[in-house]
Structures are given as structure tokens and as C-alpha cells.
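Note sheet for the following structure.
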Amino acid sequence: KVAESHHSHSIEVSSLLPSASCIPSTKVLSNNDDKASLKVVHKHGPCSKLSQDEASAAPTHTEILLQDQSRVKSIHSRLSNSKTSGGKDVKVTDSTTIPAKDGSTVGSGNYIVTVGLGTPKKDLSLIFDTGSDITWTQCQPCARFCYKQKEQIFDPSQSTSYTNISCSSSICNSLTSATGNTPGCASSACVYGIQYGDSSFSVGFFGTEKLTLTSTDAFNNIYFGCGQNNQGLFGGSAGLLGLGRDKLSVVSQTAQKYNKIFSYCLPSSSSSTGFLTFGGSASKNAKFTPLSTISAGPSFYGLDFTGISVGGKKLAISASVFSTAGAIIDSGTVITRLPPAAYSALRASFRNLMSKYPMTKALSILDTCYDFSSYTTISVPKIGFSFSSGIEVDIDATGILYASSISQVCLAFAGNNDATD
Amino acid sequence: VFIFGNVQQKTMEVFYDGSAGKVGFAPGGCS
């Protein structure tokens, strides 16, 4: 429902809100020797079986954006406190010993995939997250607490392929970099703990298990967290799939087959579907830029942004604005956060080009909002990003606006408070 | 940091090659 012109998108206003029913992508997910593809759905959309669970009722847009701000705060905190994290041991029965500033918030604007765990295989819907590393699921007997999830909670005693990791094992110590917390020990079993910025957390036994991605691709002895005390905003999902750069992430653990290659497409709305593919090759029309490393947070995927264009015009932003802050790409953060100087330039240009439309009140962290209730079609300037490699990428029309309702549609960007954030 | 969030990634294929140290973006990735 989008028509393209050179520097703007023409959008039907009715298409700004998701459909009430699922309209799956027409893309055929192929699997072969080199790759394994999974369907991606929005956690709270009609394509997700979790959305039908009354215990995981969708949060409001304001709640989503507040939770997103918690995630962003925790990422900033994790980067600025990286040298002081991991000071305390964790125990299965005591969540309060986990530093609250470490890890990253799960949030609500998240996407899920379904994978198989154990022998025989149990299907579990996990939030996929490029901003964290540990994969975990809730486990029986839920020694302390399990939140309500849609699928049956995984029971390692019913799996012939589950093994606990000993706390004397060197891999147990690897949890410190993957979670930001020193692992604990219970009856010689390694105990992991991860807490997210909104106070959601998971604590449990660190073990290995068979992970089945597709009917043809399964991996034995994948390290994962078997959660015995899990509380927070996981919205009916069974846990998290960690896709960060740490050696304990699923990406690193399957590197022998997929060579640390994965790709995804997030759907245009919560009523459609996307994919997550391990291995394979990029589309022929892909533009590439180097990954960079944030020294304070090496498990994040760093990018070198150099500029922003709005409506075909490059904004006058000094390159140092981007290099001072550094940048990461994160599948678990909803709204892009820009350095303050970059955001104010983007906002001024966008407001200028959208001046014919009536503005309305802010939506949480989003301060540039419009009332489109008198329009059937709107014209929105294209927004593009440039990178140090010289490539320029225009974001899709669906990535420019965030609609709470037709009468409150906002520019889907926000600024950081500090230029060094 | 500047965080590139998931709303802005919608419908693009985002391709990670951790071994080669690069990220690719392709429009129209979901269809």
C-alpha cells in the first residue's frame, strides 16, 4: 500500500495499523544443506499463537515504548559499567543477588521463532535477540517460579539428551561474559543468572541439550539455560534465543555449520510474517558494510553510521556526532535511538517536510506525532542512512512511522540524552 | 550508543556474516 516517488513514500493511512487477522508472507522458506529457515512473527500480533493467550495480553503502545526505554537504558548502562559487572554469584533461589544494571531488557516489541529442544523434541517459541547471548527456556520443576507460557514448560528429566554442566567446568566461567554475572554453583551444577533492564530475569541450571532448528538441521550439546526462577515481561514466550557475538550464543555454537552467518526479515506489521535463516547467502541486491566492535560491549553488533538523509537531502551533521557515540544494531530494541544532535536535525527536517499535516500530542518517547484522521493518503519523506563503507540504505516506509491510532502517528525515532550514549 | 532498532529494520533483509565481519541490508526482504 505504498507508492514510491524519488524522495517520498505515498502511504494509505488505513495501512498504518495492522490487520486483525494474520496475512503471512508469500516468501517461500527453503531449507537445504547450507541453511535453515524459521518463520518470524511479532509476539503480540495475530500471527503469533502467544497472542491468543489471555495471560500474555498485548501491552499498550505506551507500555511498549516505556519498556523499550528500559532496554536502551540498560544497554547504555551495560556499556558504561562493563568493567564493574559480574561482582556477585547467582543462586537458583535468590534472584536479588543479580545486578539489575546488567543484561538488556526484553521489552515488548519483540519477535519470536519456534525451535525444538530435547529428545524427543519439544517445540518452544523463543524471543530472538541479537542484543543478548544466552539462550534459555523455562524448565520443570520450576524450583522457584515460572511465569505462564503458551507451550508446555520444558522438562529436562523427560529428555534423553539433557546434561547439566558442572560448576568446575571452564564453560561455566564463560557465563560471566555472556550474562554479565558470575555463575553460581548448586550441588556441583553450574547456575546461570541474567537480569534485564526492566527487572525481568531468569536464573537456573546451565546445561546442554539437542537443539532442532528445522527437520534437517539439529545440533547436539548446545549450551543453554534451564530456567528455574523466571519472572518478568516475557509475554507467554518460552524464553530467549540469544544471537549475540559471545561464544555462548547460538550463532557461535553453530558456527561450524553456518560460519556465523544468519539473516532475518522483520515483517511490515504484527499481522504478517518474516523469517530467520541460519547460513545461506545474502540477496543479490544486498549492500554491505563492515561490522565494528564496541570495546565495552564486544557481544553487540557494531555499525559505523556516518550520516542521515531526509527527503533525499543529507542532513548537516558532523561525522564526529556518530563516531563519538558509536552504534549497534539490535533486534530487541524497538525505536532507533540517535545521538542528540542527529535526532534534532532529523526531527527539524522531518517536521519541515510534514508541515502540511496537523501535529498532535507526543506518545511517550516519541515527540513528533500527527493526526491523519482527515486523510486517506499521506506523503512521507524517505529517510536513509549512510555508512563508513560508503553505502546508503533507505529504510522502508513502515520503519519511519509508529502508529498508535490513525489520529496519533509518530516519527519512529528518538534521541539519546547524552551525546556519548 | 546510537541503537538501530527493529522498527527501522522492518521488511529489510538484514544479513550478518560474523566470520567475514560484515552486515548486509537488502530492501524487500520479506516477500
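Note on naming: letters A, B, ... go to the chains in the order of the sequence lines (proteins, then strands), and numbering restarts at 1 for each one.
- Side-chain atoms of Gln8(B) do not come within 3.5 Å of backbone N or O of Ile400(A) as any donor-acceptor pair.
- In terms of heavy atoms, Ala26(B) sits closest to Ala286(A) at CB-CA, 3.8 Å.
- For chain B, the nearby parts of Tyr264(A) are the backbone and the side chain; heavy atoms of each come within less than 4.5 Å.
- Remark: Lys73(A) NZ is loosely packed, at most 12 non-hydrogen atoms of other residues, nucleotides or ligands lying under 6.0 Å away.
- Put simply, the side chain of Ser19(B) gets close to the backbone of Asn259(A): a donor and an acceptor are under 3.5 Å apart.
- A 4.5 Å side-chain heavy-atom check between Ile329(A) and Gln9(B) finds at least one atom pair inside the cut-off.
- Of the atoms belonging to Leu303(A), it is side-chain heavy atoms, and not backbone ones, that fall under 4.5 Å from chain B.
- At distances below 3.5 Å, at least one donor-acceptor pair connects side-chain atoms of Ser25(A) with backbone N or O atoms of Cys30(B).
- Using a 4.5 Å heavy-atom threshold, the side chains of Thr11(B) and Leu266(A) count as separate.
- Between Met12(B) and Val393(A), the closest heavy-atom pair is SD-CG1, 3.6 Å.
- Heavy-atom contacts from other residues, nucleotides or ligands closer than 6.0 Å to NZ of Lys39(A) number 12 or fewer.
- Considering only heavy atoms from C-beta on, Lys22(B) stays 4.5 Å or farther from Thr289(A) through its side chain.
- With rounding to the nearest 0.5 angstrom, the OG atom of Ser283(A) is 3.5 Å from the CD atom of Glu13(B).
- Within the model, atoms CZ of Phe322(A) and CZ of Phe2(B) stand 6.0 Å from one another, a figure rounded to the nearest 0.5 Å.
- Looking only at heavy-atom pairs under 4.5 Å with chain B, the residue among Gly415(A), Ala327(A), Ser389(A) that has the most is Ala327(A).
- A distance below 6.0 Å separates the ring centres of Phe387(A) and Phe25(B).
- With a 4.5 angstrom heavy-atom cutoff, Thr130(A) touches chain B only via side-chain atoms.
- Nearest heavy atom pair, residue Thr398(A) against residue Val7(B), reads O-CG1, 4.0 Å.
- Contact check for Val251(A) versus Tyr16(B): no side-chain heavy atoms found under the 4.5 Å cut-off.
- Remark: aromatic rings of Phe262(A) and Phe15(B) are distant, center separation not under 6.0 Å.
- Counting heavy atoms from C-beta on, the side chains of Pro27(B) and Asn285(A) come closer than 4.5 Å.
- Looking only at heavy-atom pairs under 4.5 Å with chain B, the residue among Ala255(A), Ser252(A), Ala325(A) that has the most is Ala325(A).
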Go through Asp17(B) and Lys260(A) one step at a time and tell me if the side chain to side chain contact (heavy atoms under 4.5 Å, CB included) criterion holds.
CA-CA 6 Å; Asp17(B) 187 337; Lys260(A) 296 188 179 179; 5.7 Å; no
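- Sorted by first and then second residue, the salt bridge (charged side-chain N to carboxylate O under 4.0 Å, His left out) pairs involving residues 325-338 of chain A (not counting sequence neighbours) are Asp68(A)-Arg337(A), Arg71(A)-Asp330(A).
- You'll find the ring centres of Phe385(A) and Phe4(B) inside the 6.0 Å limit.
- Neither the backbone nor the side chain of Tyr343(A) comes within less than 4.5 Å of any heavy atom of chain B.
- Inter-residue side-chain proximity for Ile3(B) and Ile75(A) is flagged as met; some heavy-atom pair is nearer than 4.5 Å.
- In this structure a side-chain-to-backbone donor-acceptor pair under 3.5 Å is present from Thr336(A) to Gly5(B).
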